[in-house]
Amino acid sequence: MTARRGSGPTMHDVGKLAQVSAMTVSRVLKDDPGVSEATRERVFAAVDRLGYRRNQTARSLRLGGSGMIGLVVTNLANPFYSRLALGVQEVATDYGLRVLLGNSGERADREPGLIDGLVDHQVEGLIVVPAGSRQQHLARAMRHVPVVLAARPPAGLDTDCVLVEDFHGAREATACLLAEGQTRIAFLGNPPALYTGAERLRGFWAAHEEVGVEPDNALIRQGLVDAATAERATFDLLGLDEPPTALFCTNNRISQGAIRALYKSGTTLPVAGFDDFDLSDVLGLPLTLVSYDADEIGRQAARLLIDRLEQDGDAAPRASRRVTVPTRVVRHGAPSADGPGHPPTGA
């Protein structure tokens with residue numbers, strides 16, 4: 001077997017000779033302990049026979065390719081997306097690829113222009129965090145380059161994606177509050193049209209149903225887009241005749257806005273939320289946070305994309321794949337000794 005003339009051997013060439021996938025070749029070269037010794041020996045034998053050099057990967061993904069991939073996120077000011085981007089960059093650098101970054105600012109109307117611009121710049125492929133549920137522009141892009149979605153699933157598209165355990169994480173964190181005796185838990189969520197917002201509300205609701213408690217619709221606040229809107233919503237909830245005794249927040253910015261409102265009002269309530277954040281462990285508040293590795297979402301998305309790029313153009317298309325990054329609950333502080341959350345004396 002010989003590599004294609006003029007382009008040098010690719011990971012696909014190595015995998016074909018070793019009778020494994022290109023992703024397995026990548027795992028061997030990264031010294032992944034999960035690969036058997038027999039497979040490792042076949043891969044290294046194929047590497048030696050073909051004279052494969054790892055730094056040729058980007059140049060050989062496509063003959064005359066740009067060596068660039070595009071990444072579009074919804075809000076670079078959110079540390080989650082910064083970490084995701086770092087994960088993509090880590091894997092891309094391993095393959096000699098550069099990353100072009102676009103920020104939609106959570107504006108679905110802005111996203112198609114960013115996608116078109118990246119395709120015009122001849123990126124090899126795209127990783128996208130969709131800003132909305134309408135994804136026809138991504139279907140158009142897929143006619144030219146492979147597309148992988150991150151954090152939010154495809155809507156009517158047959159493509160790979162990397163998700164977080166949104167439902168499971170929200171259910172587990174809410175269950176922690178319910179187990180402490182909280183029965184009036186407010187829900188502060190991002191727009192319901194977003195997959196993450198809908199799934200986390202579903203998990204919140206499921207935790208209540210499992211213990212026979214019905215959430216109070218008067219305590220549900222959705223459509224929050226940043227810390228400022230979350231702060232206003234929390235003040236509104238605290239002003240109710242029957243205020244909540246605990247809060248559940250669907251992302252780090254909403255948690256931070258809610259905590260700011262509690263601080264300004266002199267109120268101490270248990271808070272549960274998605275996304276851990278810096279200094280959460282030193283605030284002195286009873287916090288229950290759903291934590292996960294945002295970098296790993298980026299790494300997994302980049303690996304899926306590169307695996308697509310290294311697929312032989314003559315081979316039958318692979319079925320789309322869905323990777324889920326696990327969550328875990330971390331707890332800071334402790335529940336109040338007085339039971340369910342309460343306003344300060346004299347409030």
- Message: For N252 and N78, which I'm curious about, is there any donor-acceptor pair between the side chains at under 3.5 Å?
- Response: yes

- Task: State, with a plain yes or no, whether a side-chain heavy atom of V91 is found less than 4.5 Å away from one of I306.
- Result: yes

- Report the residues that fulfil salt bridge (charged side-chain N to carboxylate O under 4.0 Å, His left out) with E165, sequence neighbours left out, ordered by chain and then residue number. none

- Task: Say whether, by atom type as modelled, one donor and one acceptor occur between the side chain of N103 and the main chain of N75 under 3.5 angstrom.
- Result: yes

- Task: Mind checking side-chain hydrogen bond (donor to acceptor under 3.5 Å, both in side chains) for E210 and listing every partner two or more places apart, or none if nothing turns up?
- Result: R171

- Query: Side chains of Y292 and D276: is there a donor and an acceptor less than 3.5 Å apart?
  - Reply: no

- Please answer whether the main-chain N or O of V35 pairs with a side-chain N or O of T39 as donor and acceptor at a distance below 3.5 Å. no

- Item | Single hit among L201, L194, T250 for side-chain contact (heavy atoms from CB on, under 4.5 Å) with Q222 | L201

- Message: Looking at every heavy atom in both A175 and A207, which two are closest together, and how far apart are they?
- Response: N-CB, 3.9 Å

- Query: Looking only at heavy atoms, which two atoms of S280 and L287 are closest? And how far apart?
  - Reply: O-CD1, 3.3 Å

- Message: Applying ring pair (Phe, Tyr, Trp, His ring centres under 6.0 Å) as the test, list every pair that has at least one member in residues 207-237; sequence neighbours left out.
- Response: F204-H208

- Test salt bridge (charged side-chain N to carboxylate O under 4.0 Å, His left out) applied to R40 - qualifying residues, sequence neighbours left out: D31, E37

- Check whether any side-chain N or O of E111 sits under 3.5 Å from a backbone N or O of A131 as a donor-acceptor pair, and report yes or no. yes

- Item | Heavy-atom pair with the smallest gap, counting every atom of P191 and V225 | CG-CG1, 4.2 Å

- Message: I'd like to know if R328 pairs up with E172 as an ion pair, taking the criterion as any Lys NZ or Arg NE/NH1/NH2 lying under 4.0 Å from an Asp or Glu carboxylate oxygen.
- Response: no

- Which residues pass the side-chain contact (heavy atoms from CB on, under 4.5 Å) test with R184, sequence neighbours left out? D216, L219, E242, T245

- Message: Strictly distance-based, threshold 3.5 Å: is any side-chain N or O of E124 a donor or acceptor partner for the main-chain N or O of M68?
- Response: no

- Test item: side-chain donor near acceptor, S320 and D158, under 3.5 Å: yes

- Query: Which pair of heavy atoms, one from L238 and one from P243, lies closest together, and at what distance?
  - Reply: O-CB, 3.9 Å

- Query: Which is it for R299 and D293 under the salt bridge (Lys or Arg N to Asp or Glu O under 4.0 Å) test, yes or no, and what are the steps along the way?
  - Reply: CA-CA 10 Å; R299 287 191 289 266; D293 188 348; 3.0 Å; yes

- Atom of A186, atom of P244 and distance for their closest heavy-atom approach: CB-CB, 3.7 Å

- Query: For the residue pair V290 and G169, what are the closest heavy atoms and their distance?
  - Reply: CG2-O, 3.3 Å

- Message: Would you say D226 and T229 are linked by a side-chain donor-acceptor pair, where the criterion is simply a distance under 3.5 Å?
- Response: yes

- Query: Are the side chain of D160 and the backbone N or O of R321 linked by a donor-acceptor pair below 3.5 Å?
  - Reply: yes

- Is any side-chain heavy atom of H168 less than 4.5 Å from a side-chain heavy atom of T327? yes

- For Y81, the side-chain hydrogen bond (donor to acceptor under 3.5 Å, both in side chains) test, sequence neighbours excluded, returns T74, R152

- Task: Would you give the length of the straight line joining atom CZ of F187 to atom CG of L237, rounded to the nearest 0.5 angstrom?
- Result: 12.0 Å

